[in-house]
Engineer: 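The structure follows.
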Amino acid sequence: MSLLLTTPGDPAPWLKALTAHMPQRQVHLWGQTDAATLAQIPYALVWRPPVDFFDGLTGLRAIFNLGAGVDALLPHQGMPKDVPIVRIVDGGMAAQMAEYALYGVLHVHRRFDVMAEQQKRAVWADPGICEPGETRIGILGLGALALGVIEKLRPFSFSLSGWSRSFRSVEGVQTYAGLENLPAFLRSCDVLIVLLPLTEETRGLLSAEHLALLPEGASLINLARGALVDEAALLDRLNSGALRFALLDVFHQEPLPPDHPFWHHPRVIVTPHASAATLPGPAIAQITANIAAFERGEAMVGVVDRTKGY
């Protein structure tokens with residue numbers, strides 16, 4: 001059986017991984033395949049597919065998204081409604097996101113932001129340090145990527161809490177669930193790490209009202225999607241000093257416009273949606289295992305619930 005592939009950027013690393021993991025399958029690149037062949041292809045591997053990508057794919061049996069987030073794929077007008085969508089559960093991203101989150105947490109905990117400001121003014125002063133247990137880290141979202149972040153933070157003995165839509169028990173983490181418990185969770189966060197999927201329910205979740213619940217001097221790290229956060233409200237909180245610092249990897253508009261205030265804000269570090277990338281090797285290994293399970297009539301890992309958006 002064959003595959004149809006459209007990738008983020010250069011397809012060569014993906015083709016190499018496919019050859020290593022599925023040498024028996026023929027891989028077709030979108031835009032280089034005739035209509036008769038398209039009608040016979042059972043599996044599509046996609047990332048932000050073009051508007052007419054699904055035209056002619058009448059034999060499609062499963063769609064594999066080459067990333068963890070499916071918010072850009074689900075609204076696709078041409079996507080068949082009765083074909084399962086399977087997302088990458090990790091694909092090497094958990095370790096990368098954990099590194100990024102750890103950098104942000106240590107930047108705040110060890111007061112590097114304070115010392116960077118002192119350097120600009122040539123001020124020699126030790127800003128002090130607190131015990132790790134006095135720094136309360138909250139993780140908004142408790143999926144696979146969030147659990148990887150928690151594992152990286154755990155050895156530092158920070159106070160850890162987490163919030164999810166439905167209750168999850170995580171060792172060593174105080175967990176909250178449901179919108180009714182979101183305020184209590186936010187009030188307990190000195191550093192808030194955002195790792196929620198973007199759905200209709202989570203869009204704009206960190207509104208002005210919810211951002212105001214964070215303790216005075218709290219910091220925000222957003223590794224998920226820009227649309228989860230009210231950017232104007234976040235800017236207001238940073239300008240007023242109510243929020244101390246923000247490490248932002250994702251934005252409402254990407255690339256971030258050159259005139260956006262975040263670029264030159266003294267309390268913000270901007271990165272270009274670079275906290276983690278799907279690695280072709282681990283991702284294709286997961287897709288290979290899922291196709292094998294599917295063809296045996298077994299459940300696949302990472303099947304998307306379209307009603308939930310993840």
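Every value quoted in this text rests on a predicted model; they were computed, and no experiment measured them.
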Engineer: Between Arg25 and Glu295, does any side-chain N to carboxylate O distance fall below 4.0 Å?
Structural biologist: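 Salt bridge present between Arg25 and Glu295.
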Engineer: Using the test ring-ring contact (aromatic ring centres under 6.0 Å, His included), find all partners of Tyr100 that sit at least two apart in sequence or belong to another chain.
Structural biologist: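 For Tyr100, no residue satisfies ring-ring contact (aromatic ring centres under 6.0 Å, His included) once neighbours in sequence are set aside.
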Engineer: For residues Ala276 and Gln96, report the shortest heavy-atom separation together with the two atoms involved.
Structural biologist: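 Closest approach of Ala276 to Gln96, heavy atoms only: CA-OE1, 3.4 Å.
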Engineer: Sort and list the pairs that fulfil salt bridge (Lys or Arg N to Asp or Glu O under 4.0 Å) and have at least one residue in residues 271-291, not counting sequence neighbours.
Structural biologist: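 Not a single pair qualifies under salt bridge (Lys or Arg N to Asp or Glu O under 4.0 Å).
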Engineer: Roughly how far, to the nearest 0.5 Å, is CD1 of Ile193 from CG of Leu140?
Structural biologist: 10.5 Å
Engineer: Starting from Val89 and following side-chain heavy-atom contacts under 4.5 Å between hydrophobic residues (I, L, V, M, F, W, Y), which residues can be reached?
Structural biologist: Val301
Engineer: Cluster partners of Val250, using ILVMFWY side-chain heavy atoms under 4.5 angstrom, listed by chain and number?
Structural biologist: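 Under the 4.5 Å side-chain rule, Val250 groups with nothing.
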Engineer: In chain order, what residues pass the ring-ring contact (aromatic ring centres under 6.0 Å, His included) check against Tyr176, with sequence neighbours excluded?
Structural biologist: Phe185
Engineer: For Leu279, what are the other residues in its hydrophobic cluster, where any two members join if their side-chain heavy atoms are less than 4.5 angstrom apart?
Structural biologist: none
Engineer: Show which residues join Tyr310 in its hydrophobic cluster (side-chain heavy-atom contacts under 4.5 Å, direct or indirect), or state none.
Structural biologist: none
Engineer: Does anything in residues 264-283 pair up under ring-ring contact (aromatic ring centres under 6.0 Å, His included), and if so which pairs, sequence neighbours excluded?
Structural biologist: none
Engineer: Side-chain donor-acceptor pair under 3.5 Å between Asp230 and Ser207, yes or no?
Structural biologist: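 Distance-only check fails for Asp230 and Ser207.
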Engineer: How close do Ala293 and Ala299 get, heavy atom to heavy atom, and via which atoms?
Structural biologist: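 So the minimum-distance heavy-atom pair works out to CB-O, 3.7 Å.
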Engineer: Taking the basic N atoms (NZ, or NE/NH1/NH2) and the acidic carboxylate oxygens, is any pair closer than 4.0 Å for Asp71 and Arg225?
Structural biologist: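 Here Asp71 pairs with Arg225 in a salt bridge, since their nearest N and O are under 4.0 Å apart.
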Engineer: With rounding to the nearest 0.5 Å, note down the distance linking CG in Leu160 to OG1 in Thr175.
Structural biologist: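 Atom-to-atom, Leu160:CG and Thr175:OG1 are 12.0 Å apart.
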Engineer: For Asp305, give me all partners under side-chain hydrogen bond (donor to acceptor under 3.5 Å, both in side chains), at least two apart in sequence or on another chain.
Structural biologist: Thr307
Engineer: Tell me, please, which residues at least two apart from Tyr103 pass ring-ring contact (aromatic ring centres under 6.0 Å, His included).
Structural biologist: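 His107.
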Engineer: Give a yes or no on whether Leu145 and Phe64 share a hydrophobic cluster (residues Ile, Leu, Val, Met, Phe, Trp, Tyr; joining criterion: side-chain heavy atoms under 4.5 Å apart).
Structural biologist: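 In one cluster: yes.
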Engineer: Any non-hydrogen side-chain atom of Leu3 less than 4.5 Å from a side-chain atom of Ile41?
Structural biologist: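 A side-chain contact under 4.5 Å is absent here.
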Engineer: Looking only at heavy atoms, which two atoms of Pro50 and His76 are closest? And how far apart?
Structural biologist: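 Taking every non-hydrogen atom into account, O-NE2, 2.8 Å.
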Engineer: Look at atom CD of Gln77 and say whether more than 12 heavy atoms of other residues, nucleotides or ligands are closer to it than 6.0 Å.
Structural biologist: no
Engineer: Are Leu206 and Leu186 close enough, and set up right, to give a side chain to side chain contact (heavy atoms under 4.5 Å, CB included), and what steps lead you there?
Structural biologist: CA-CA 10 Å; Leu206 289 178; Leu186 293 173; 4.2 Å; yes
Engineer: Test Arg244 against Asp113 for salt bridge (charged side-chain N to carboxylate O under 4.0 Å, His left out), laying out the working first.
Structural biologist: CA-CA 9 Å; Arg244 167 182 163 185; Asp113 58 329; 2.8 Å; yes
Engineer: For residues 31-40, tabulate all N or O donor-acceptor pairs below 3.5 Å that involve a side-chain atom, not counting sequence neighbours.
Structural biologist:
unit_1	atom_1	unit_2	atom_2	d
Thr33	OG1	Leu29	O	3.0
Asp34	OD1	Ala36	N	3.1
Asp34	OD1	Thr37	N	2.8
Asp34	OD1	Thr37	OG1	3.0
Asp34	OD2	Thr37	OG1	3.2

Engineer: If hydrophobic clusters are built by linking Ile, Leu, Val, Met, Phe, Trp and Tyr wherever their side-chain heavy atoms come under 4.5 Å apart, do Ile85 and Phe294 end up in the same one?
Structural biologist: no
Engineer: Looking only at heavy atoms, what is the nearest atom pair of Cys189 and Ala218, with distance?
Structural biologist: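 Heavy-atom minimum between the residues: O-CB, 3.6 Å.
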Engineer: In the structure I gave you, are the side-chain heavy atoms of Glu209 and Leu213 within less than 4.5 Å of one another anywhere?
Structural biologist: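 No. Closest side-chain heavy atoms not under 4.5 Å.
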Engineer: For Phe54 versus Pro49, what's the shortest heavy-atom pair and its separation?
Structural biologist: CE1-CG, 4.1 Å
Engineer: Measuring from atom CZ of Arg187 to atom CG of Leu182, what distance do you get when rounded to the nearest 0.5 angstrom?
Structural biologist: 9.5 Å
Engineer: Testing Thr19, Thr278, Val27 for side chain to side chain contact (heavy atoms under 4.5 Å, CB included) with Trp14, which one passes?
Structural biologist: Thr278
Engineer: Answer with yes or no whether the hydrophobic clustering places Leu223 together with Val105; edges join I, L, V, M, F, W, Y residues whose side-chain heavy atoms lie under 4.5 Å apart.
Structural biologist: yes
Engineer: To the closest 0.5 Å, what do you measure between CZ (Phe245) and CG (Leu220)?
Structural biologist: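 So the gap between those two atoms works out to 9.5 Å.
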Engineer: Do you know which two heavy atoms are closest between Glu231 and Phe251, and how far apart they sit?
Structural biologist: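 What the structure gives for the nearest pair is OE2-CA, 3.4 Å.
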Engineer: Please table the atom pairs, donor to acceptor, closer than 3.5 Å between any side-chain atom in residues 146-157 and protein atoms at least two apart or in another chain.
Structural biologist:
unit_1	atom_1	unit_2	atom_2	d
Glu151	OE2	Arg154	NE	3.2
Glu151	OE2	Arg154	NH2	2.6
Arg154	NH1	Glu171	O	2.4
Arg154	NH2	Glu171	O	3.4

Engineer: Is a donor on one side and an acceptor on the other found under 3.5 Å between the side chain of Asn65 and the backbone of Arg87?
Structural biologist: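 Here the side-chain-to-backbone pair does not exist.
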Engineer: When rounded to the nearest 0.5 angstrom, what distance separates CG in Leu228 from OG1 in Thr202?
Structural biologist: 5.0 Å
Engineer: Count the heavy atoms of every other residue, nucleotide or ligand shown that sit under 6.0 Å from CZ of Arg110, and state whether that count exceeds 12.
Structural biologist: no
